[in-house]
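This is a predicted model, so every value here is computed, not measured.
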Amino acid sequence: MKRLIWICVIVMFAVGAMAQEHKRLTNLPHLYVNTFTGNPIVSKTEQVWARMWLVDEQDVVTFYDSISIRGRGNSTWNMAKKPYRIKLLEKAKLLGNSRANAKKWTLLANHGDKTMMRNALASYIGDLCGQLFTPAAKFVDLTLNGEYQGCYQLSDQIDIRKKRVNIAEQDYPLTATSDITGGYLVEADGFKDFTNGVNGWFTPKGVPMTVHYPDDEEIASSQQNYIRQFVNNFENRLFASNYADAEKGYRAYVDSTTLISWYLASEITANPDYIWSMYYYKQRNDDHLYFGPLWDYDIAFNNDNRLTGQDPTHNLMAKVAFTNNGLEKWIDRLWSDEWFQRAVYNSYAGLYAQDLETKLLNKIDSLNILLQKSQELNYRKWNIRTRYLREIVLYSTFEAYVNDLRSFITQRLPALFKAFANRMPDDVDDGETVVPQFTPSSNSYYAIANAGTSTVFDLNAEGAVVGNASRQASHSQQWHIITLQNGFMQLINRMNGLALTDPTMGESTEATNLNTQLTVTKADSTNKAQQWHIVKQSGNHYNLNNRKSRHTANLYGGNAADGTSIISYTNDSRNASSNNRLWTITPVDKMEETGIGNLQDKASLEYALAYDPYSQRLHFGSDDLSALTFMVSIYDQAGHRVLQFPASQGCSVDRLPKGLYIVTWYDQGYHSTKFLK
């Protein structure tokens, strides 16, 4: 009995000693790693056995026995503060329940980034842009073999599993019935880290491709041949003469949402490595390439002295990024397609209008607060004034580096807006914005009535806009008003889904008086002739001023007779007093409530819109999806378009906050339905 008591005392003493020894040094969690031998980690390929203690924010200590640890990185491995890759004996949720349950994790040193926050900021930007998965960023202090190493970033390893790259795992070994259509994780790899024909290849355009999953120890020749042929077919379509065709060109092979979100994140971060190393993946039984995840941003945000003189603040990275013998050809080709030009601009305009700058600056500020104590400790060990990688500027304080990053963001975002606008076709936005003076409900249709005659906007048999007496049930007199990202509004006629348009040709000014009759045309939110500034006047009266013509909507002669033309007219000081130019805007009907699960199109029974709450995917069902050639838009309750996707492809909405949305499309008429996530 005495022996048992002594054993218990010894164990209790050991546990108490462990709790005292393993404690946080700052507000951050702390990782303690001790190799079994006490020797340092000196290789990127040889695993070293170790024990690990994680002290979390509540000072709870969790012990992990028999982990393996090795070095990682390319140029970063040669620096004094080493990055590492760890592998646990059992799966664990090191980053919390919302992230992966996994064995493999990375410890990023961020030694070439004096703010230590560029990778974390890039991850946040990936989320904002709509990437399906971005590696997490949890900052920790690290002690290795009893010696404090500094502030590190605990992050996801890029691998195949739920809450990471969530694609189907392939059979190993393969059987006669194995489905080898997916999943695959591939990297366009500037380092050419593969054996050609074994776990990688060169595309016809010379782009080096490394297959990361299945890995080189498991991949069969049939799998290698399949993914190589699929990617090569995509590239061949990208460079074919009909490449811009939605069905016959490259778009049939890509998930457009992740392509655009990956590209936007690459440009917002100004990552010069984005076409040196690019990940993409393919799901089983899904004939699309998905772009992402994002990775390795320590030299992004203007932190690479090799770009000095290239003006990475204002230039697109597509012009100045480091190339990997071919992938730059893909980007150039994409930019020659008007669909890509519009998609990039429209998606960025949406982000920009939702106060992107404030969001990013707030994120930087929150990381700055989080890292204050740890950075002080980190830079006692590592000299903050020493260039460790490619830093352009050297300061004596952490705050100066953070301010430099903030300054870059404030200059980069408007420069991107202008750069994207300059690459657009002539009919798209040039960056002008207005402050909305009317707030429409996204659930209502409106009647627009003249202040003097009470006649309302209506359509004649030719599709011209005229004033007619109000008829409550007439859909041609009802308009869905959508607030665009730039503050202008688009007015969509309920009867035919066409947009109110000022067809005035040539250059015009506010004083030009051409008396052009307004009409309706196919809805295109990028067409300035369809963009209207609804300007508040006294009482409940408004002017409708067209962005392109600079004219205002006017009831010709103030005539109350049915069929009186509504024209594009002089825009001047009489806007506030002339009844011909003043309009009331009144809700007259609600959009139809439609249930979730099977949102059936009213005009045709050939397809239906459905939402799968488990995969969080909105998609159409049809015997022939390729026949669905229209685009679908999703608007939030404020009327802002938050997503757009081809009907034939569907769209993941897992990044959208919970709430009510409006889904609209035009197919032989204008269709809209509510969607509750």
Check your understanding: Rounded to the nearest 0.5 Å, how far does CG of Leu582 lie from OG of Ser577?
Key -> 7.5 Å
**Study point:** Centroid separation Trp532 to Phe438 less than 6.0 Å
**Key:** no
Review point. Taking Thr313 for the side chain and Arg412 for the main chain, is one N or O donor matched with an acceptor at less than 3.5 Å?
Key: no
Review point. More than 12 foreign heavy atoms under 6.0 Å from NZ of Lys536: is that the case here?
Key: yes
Review point. Quick one: is the NZ or CZ of Arg333 closer than 6.0 Å to the six-membered ring centre of Tyr243, and within 45° of its axis?
Key: yes
Check your understanding: With no hydrogens and no angle check, do the side chains of Gln537 and Asn543 hold a donor and an acceptor under 3.5 Å apart?
Key -> yes
Check your understanding: CD1 of Ile492 to CH2 of Trp479: how many Å apart, nearest 0.5 Å?
Key -> 8.5 Å
**Study point:** Note, Leu413 side chain near Tyr348 side chain (heavy atom, < 4.5 Å)
**Key:** yes
Practice item. For the residue pair Asn559 and Thr453, establish whether any side-chain heavy-atom pair is separated by less than 4.5 Å. Key: no
**Study point:** Worked verdict on Trp583 versus Asn450 for side-chain contact (heavy atoms from CB on, under 4.5 Å)
**Key:** CA-CA 5 Å; Trp583 307 87; Asn450 182 258; 3.5 Å; yes
Point to revise | pair Trp330-Phe234: side-chain heavy atoms closer than 4.5 Å | key: yes
Check your understanding: When rounded to the nearest 0.5 angstrom, what distance separates CG in Asn362 from CG in Asp355?
Key -> 8.5 Å
Practice item. Enter the distance from Leu351:CG to Asn346:CG here, rounded to the nearest 0.5 Å. Key: 11.5 Å
Check your understanding: Can you check whether Thr269 reaches Tyr274 side chain to side chain, under 4.5 Å on heavy atoms?
Key -> no
Exercise for review: Please report the closest heavy-atom contact between Ala499 and Gln530, naming both atoms and the distance.
Suggested key: CB-OE1, 3.3 Å
Check your understanding: Hey, do the aromatic rings of Phe291 and Tyr281 have their centres closer than 6.0 Å?
Key -> no
Point to revise | Distance flag, aromatic centroids of Tyr280 and Trp262, threshold under 6.0 Å | key: no
Point to revise | Working for side-chain contact (heavy atoms from CB on, under 4.5 Å), residues Ile585 and Asn540 | key: CA-CA 8 Å; Ile585 306 175; Asn540 62 343; over 6 Å; no
Exercise for review: Evaluate the ring planes of Tyr445 and His480, with Trp represented by its six-membered ring, and classify them as parallel (under 30°), tilted (30 to 60°) or perpendicular (over 60°).
Suggested key: perpendicular
Review point. Below 4.0 angstrom, N of the basic side chain to O of the carboxylate: do Arg423 and Glu267 qualify?
Key: no
Review point. Taking atom types as modelled, is there a side-chain donor on Asp337 or Tyr250 under 3.5 Å from an acceptor on the other?
Key: yes
**Study point:** Nearest atoms (heavy-atom pairs only) where Phe408 meets Ala270
**Key:** CZ-CB, 3.5 Å
Check your understanding: After noting the C-alpha distance and the side-chain angles of Ile268 and Leu356, does the key distance pass the side-chain contact (heavy atoms from CB on, under 4.5 Å) rule?
Key -> CA-CA 10 Å; Ile268 293 170; Leu356 178 62; 4.2 Å; yes
Point to revise | Passing option when Thr501 is tested against Asn546, Thr519, Thr521, Asn527 for side-chain hydrogen bond (donor to acceptor under 3.5 Å, both in side chains) | key: Thr521
Review point. Tyr345 pairs by ring-ring contact (aromatic ring centres under 6.0 Å, His included) with which of Tyr263, Trp339, Phe417?
Key: Phe417
Revision key, fill the gap. Heavy atoms of His475 and Asn493 approach each other most closely as O-OD1, 3.9 Å
Exercise for review: Indicate yes or no for a side-chain donor-acceptor contact from Asn302 to the backbone of Pro312 under 3.5 Å, with no hydrogens or angles considered.
Suggested key: no
**Study point:** Non-hydrogen side-chain atoms of Leu459 and Val465 separated by less than 4.5 Å
**Key:** yes
Revision key, fill the gap. Distance col, row Asn422:CG vs Gln341:CD, nearest 0.5 angstrom, shows 11.5 Å
**Study point:** Atom of Arg471, atom of Asp458 and distance for their closest heavy-atom approach
**Key:** NH2-OD2, 3.0 Å
Review point. Is it the case that more than 12 heavy atoms not belonging to Lys359 sit under 6.0 Å from its NZ atom?
Key: yes
Practice item. Using a strict 4.0 Å threshold on nitrogen-to-oxygen distance, state whether Arg547 and Asp502 make a salt bridge. Key: no
**Study point:** Arg581 and Asp572 ion-paired at < 4.0 Å
**Key:** yes
Revision key, fill the gap. Ser261 and Gln131 have their tightest heavy-atom pair at OG-NE2, 2.8 Å
Revision key, fill the gap. Closest non-hydrogen contact found for Ala265 with Leu294 is CB-CD1, 3.7 Å
Check your understanding: Can you find a pair of side-chain heavy atoms, one from Phe301 and one from Ile364, that are under 4.5 Å apart?
Key -> no
Check your understanding: Is Asn460 reaching over with its side chain to a backbone N or O of Ala464, donor-acceptor style, under 3.5 angstrom?
Key -> yes
Exercise for review: Name the orientation class of the two ring planes belonging to Trp335 and Phe340 (parallel below 30°, tilted from 30 to 60°, perpendicular beyond 60°).
Suggested key: perpendicular
Check your understanding: Looking at side-chain heavy atoms only, is the closest gap between Pro436 and Met489 below 4.5 Å?
Key -> yes
Check your understanding: Do the non-hydrogen side-chain atoms of Thr258 and His288 ever get within less than 4.5 Å of each other?
Key -> no
Review point. Are Val456 and Ile448 close enough, and set up right, to give a side-chain contact (heavy atoms from CB on, under 4.5 Å), and what steps lead you there?
Key: CA-CA 5 Å; Val456 299; Ile448 304 169; 5.9 Å; no
Exercise for review: Could you tell me the separation between the CG atom of Leu416 and the CE atom of Met317, rounded to the nearest 0.5 Å?
Suggested key: 9.0 Å
